[in-house]
Amino acid sequence: MEYEGKTWRFEANINTDLILPSRCYYLPPEEQINYIFSANRPGWVDEMSKGDIIVAEPNFGMGSSRPAARNLRLLGVACLVAESINGLFYRNCVNFGFPALECPGVTDAFTEGDVAAVSFEDFTVRNVTTGRKLEAKPLPDALLTILMAGGIYPLLEKEGLIAPTETG
Amino acid sequence: MGMTIIEKILARQSGQDRVRPGDLVTVNVDTVVMFDNNFMDSVWRAVLHVIDPDRVVVAFDHRAPAAHVASAAAHQTGRRFVEKFGIERFHDVGRRQGISHVLVADHAYAMPGTVLLCSDSHTCSAGAFNCVARGVGAPDIIYALTKGETWFRVGETVRYDLEGSFNPAVSMKDVFLHIAGTYGGHETMNVEFGGPAMPQLNMNARRTLTTMGAELSAEFATFEPDRILFDHIDAQNPGHPAYEAQYPDEDAAYADRRTIRLDEIEPLVALPDSVLDNSRPVGDLAGTAIDQAFIGSCANGTIDDLESAARVLAGRQVADSVRLIVTPGSQTIYRQAAKSGVLSTLVEAGAVVTNATCGACGGGHLGVLGAGETCITASTRNFKGRMGDPSAKIYMGSPATVAASAIKGTIADPSEFLGRED
């Protein structure tokens with residue numbers, strides 16, 4: 001699994017209310033995604049393209065358990081690379097099948113717009129624009145298995161523990 | 001080296017002699033708590049098998065009674081789930097209604113040394129019960145319901161020893177604001193509380209602190225067990241299952257060990273948008289005009305919080321320019337406040353007291369902020385847009401500070417209304 005795409009930079013402690021504001025909580029997910037970063041970066045959802053990559057300062061995803069990671073995936077963000085990822089958000093990344101890595105030094109290595117190549121095989125993050133290469137923290141095998149399966153729901157569907165549906 | 005409380009519980013629940021920071025563990029889940037948002041169409045997946053319905057608690061809290069058709073539909077789905085699997089610990093709209101974390105505490109559903117999951121970030125609240133309790137995602141809840149287990153990353157632990165006693169106008173919310181303001185985020189780490197002040201700290205005070213562990217971005221927050229905890233469990237849940245409370249080893253390895261002297265804490269207020277590294281003495285902000293004041297949530301909806309507000313408001317009036325909204329944490333607390341007279345004191349002063357629900361804390365209903373408004377809140381979170389329009393400013397303080405501010409119409413020090421010992 002490797003992703004290559006244009007990067008967008010975000011500051012420290014980006015919280016889940018910014019990704020999934022409560023005022024759109026009851027809309028269907030395909031409408032919720034229009035509100036991503038509407039409070040802190042209005043218009044971003046129209047500027048970004050499918051396959052782009054988020055590069056962030058520490059503690060990305062601070063806050064609530066709402067399915068904010070799923071919504072970034074539904075919007076078409078290829079993956080997240082952050083200095084560190086909030087513990088609850090990290091769970092949701094793995095469990096909703098949204099690829100995410102912690103990579104100390106990543107914010108120094110990228111200027112917004114640089115192209116990143118992120119490998120979930122050798123856990124490296126390469127700045128294609130500058131040639132710089134960084135080591136990310138490896139994802140434990142058990143969590144990589146869940147991520148590769150597309151999250152927990154496809155696994156539980158296969159075991160007949162939940163009913164299949166189309167929603168992520 | 002020995003283990004911290006969290007490490008001991010994670011070792012025991014994963015069937016290992018010991019765990020270390022950096023480990024990934026799979027643990028048995030003793031209690032799964034579900035709430036109305038779990039049953040929303042946009043996240044719910046029809047569960048075909050529940051491993052043990054007696055491990056499950058269901059409480060409608062985020063929007064109860066239903067705030068709109070979508071939340072009404074979630075309640076309906078939840079009721080069908082409860083009926084289908086025979087869930088007995090069910091808190092529907094009505095007499096047993098309340099915020100899930102408050103109900104877990106007041107009914108002592110959480111046993112010391114066990115693992116409790118809920119897909120609300122403030123689940124760390126139950127850490128006051130010497131539990132591994134964590135807010136997880138909706139998929140984790142369905143996994144635990146159907147498989148009875150979950151995974152955790154083991155992090156390092158910071159130990160806080162609480163000493164001394166509170167000044168009259170100070171409460172545990174100020175202690176939290178002191179910790180968040182002084183030490184900032186605790187991401188990837190656990191926090192463990194104990195120390196000589198514990199005999200003076202009841203379960204409500206402890207729970208305010210563990211609930212706010214989510215705002216420190218901590219993995220887990222927990223308290224040492226003691227007689228106050230054991231007596232609370234015996235009183236609130238007679239016939240509870242046997243448990244093994246977990247104490248830290250004497251030579252437990254902590255990332256840091258910090259002493260908090262309660263006597264030195266003054267009323268504090270967090271500035272808008274984050275509580276991390278963002279606290280100021282209330283005096284620094286005195287005079288800041290407010291439109292709304294809120295007291296409630298899983299962190300500050302206890303009877304002690306309502307009483308604290310009532311002591312400030314007794315015989316006084318909320319300023320004409322301010323809306324003071326008070327939301328008890330459960331209908332049981334609401335009834336307690338009605339019996340004791342606290343409710344009358346609050347409404348005579350001009351507060352609007354709502355039914356027990358998450359309410360204004362999550363910006364879902366019952367006190368949503370409009371564009372450009374300023375609020376001071378005794379609840380869990382002050383993120384931009386959290387309580388309504390993203391241009392609203394949310395300051396955070398204790399229930400006493402919020403009540404004092406409601407009277408003045410501007411952010412105010414509660415010491416003026418509660419006196420000081422010195």
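Throughout, protein chains are lettered first and strands after them, A, B, ... in sequence-line order, and every chain is numbered starting at 1. Computation of the quantities below employed the complete heavy-atom set of this structure, encompassing side-chain atoms and omitting hydrogens, waters and symmetry-equivalent molecules.
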| said: Can you give me the closest heavy-atom contact between B:Pro390 and A:Ala39, atom names plus distance? | reply: CB-CB, 3.6 Å
| task | Give the C-alpha distance, both sets of side-chain angles, the deciding distance and a yes or no for side chain to side chain contact (heavy atoms under 4.5 Å, CB included) between A:Arg66 and B:Asn37. | result | CA-CA 9 Å; A:Arg66 60 189 67 177; B:Asn37 283 4; over 6 Å; no
| More than 12 heavy atoms of other residues, nucleotides or ligands under 6.0 Å from CG of A:Asp122: is that the case? | yes
| request: Go through the atoms of A:Glu30 and report whether side chain, backbone, both or neither lie under 4.5 Å from a heavy atom of chain B. | output: neither
| query | In this structure, are over 12 heavy atoms from other groups packed under 6.0 Å from A:Tyr35 atom OH? | reply | no
| task | Would you mind checking which part of B:His68 comes under 4.5 Å of any heavy atom in chain A, side chain (CB onward), backbone (N, CA, C, O), both or neither? | result | side chain
| Smallest separation among heavy atoms of B:Gly135 and A:Leu88, with atom names | O-CD1, 3.2 Å
| When only pairs under 4.5 Å are counted, which of B:Met387, B:Lys147, B:Glu219 shares the most heavy-atom pairs with chain A? | B:Lys147
| task | Identify the heavy atoms of A:Gly87 and B:Arg153 that sit nearest to each other, and give their distance. | result | CA-NH2, 4.3 Å
| said: Looking only at heavy atoms and a cut-off of under 4.5 Å, which of B:Met40, B:His122, B:Lys384, B:Glu215 has the most pairs with chain A? | reply: B:Met40
| field | Stepwise side chain to side chain contact (heavy atoms under 4.5 Å, CB included) check, B:Thr146 with A:Leu156 | value | CA-CA 8 Å; B:Thr146 55; A:Leu156 294 179; 3.8 Å; yes
| Atom NE2 of B:His62 and atom OG of A:Ser22: how far apart are they, to the nearest 0.5 Å? | 9.5 Å
| query | Can you check side chain to side chain contact (heavy atoms under 4.5 Å, CB included) on A:Tyr26 and B:Asp41, steps first, answer last? | reply | CA-CA 9 Å; A:Tyr26 275 89; B:Asp41 278 351; over 6 Å; no
| field | Under 3.5 Å donor-acceptor, A:Ser65 side chain and B:Ser119 backbone | value | yes
| query | Are A:Asn86 and B:Ser217 close enough that a side-chain donor and a side-chain acceptor fall under 3.5 Å? | reply | yes
| message | Is B:Asp389 close to chain A through its backbone or its side chain, or both, or neither, when contacts mean heavy atoms under 4.5 Å? | response | neither
| field | Interface residue of largest heavy-atom contact number with chain B, from A:Ile85, A:Asn92, A:Thr16, under 4.5 Å | value | A:Asn92
| field | Residue part contacting chain A, namely of B:Leu276, when any heavy atom lies under 4.5 Å | value | side chain
| Interchain contact, A:Glu102 with chain B, by part (heavy-atom threshold 4.5 Å) | side chain
| Atom group of B:Thr380 that falls short of 4.5 Å from chain A, counting heavy atoms | neither
| task | Find the distance between OH (B:Tyr143) and CG (A:Leu155) and round it off to the nearest 0.5 Å. | result | 7.0 Å
| Top contributor to chain B contacts, counting heavy-atom pairs under 4.5 Å, from A:Leu18, A:Leu161, A:Ile152 | A:Leu161
| message | Quick check on B:Ala138 against chain A: is it the side chain, the backbone, both or neither that has a heavy atom closer than 4.5 Å? | response | both
| note | For A:Ile162 and B:Ile142, the nearest pair of non-hydrogen atoms, with its separation, is CG2-CG2, 3.5 Å
| request: Show the numbers, then the answer: is there a side chain to side chain contact (heavy atoms under 4.5 Å, CB included) between B:Trp151 and A:Leu143? | output: CA-CA 9 Å; B:Trp151 60 267; A:Leu143 303 191; 3.5 Å; yes
| Any chance the side chains of B:Thr150 and A:Arg91 put a donor and an acceptor closer than 3.5 Å? | yes
| remark: Looking only at B:Thr188, B:Asp140, B:Asp120, B:Val47, most heavy-atom pairs under 4.5 Å shared with chain A are made by B:Asp140
| Taking the side chain as C-beta and beyond, is there a heavy-atom pair between A:Met62 and B:Glu187 under 4.5 Å? | no
| query | Considering only heavy atoms, which portion of A:Phe89 lies under 4.5 Å from any heavy atom of chain B: side chain, backbone, both, or neither? | reply | neither
| field | Contact origin within B:Arg386 toward chain A - heavy atom pairs under 4.5 Å | value | both
| request: For chain A, find which of B:Ser121, B:Gly137, B:Gly363, B:Pro139 contributes the most heavy-atom pairs closer than 4.5 angstrom. | output: B:Pro139
| note | When every non-hydrogen atom of A:Pro140 is compared with those of B:Leu24, the smallest separation belongs to CB-CD2, 3.8 Å
| field | Considering all heavy atoms, the nearest A:Leu27-B:Ser42 contact | value | O-CB, 4.2 Å
| said: Nearest 0.5 Å, please: how far is OG in A:Ser64 from CZ in B:Arg381? | reply: 5.5 Å
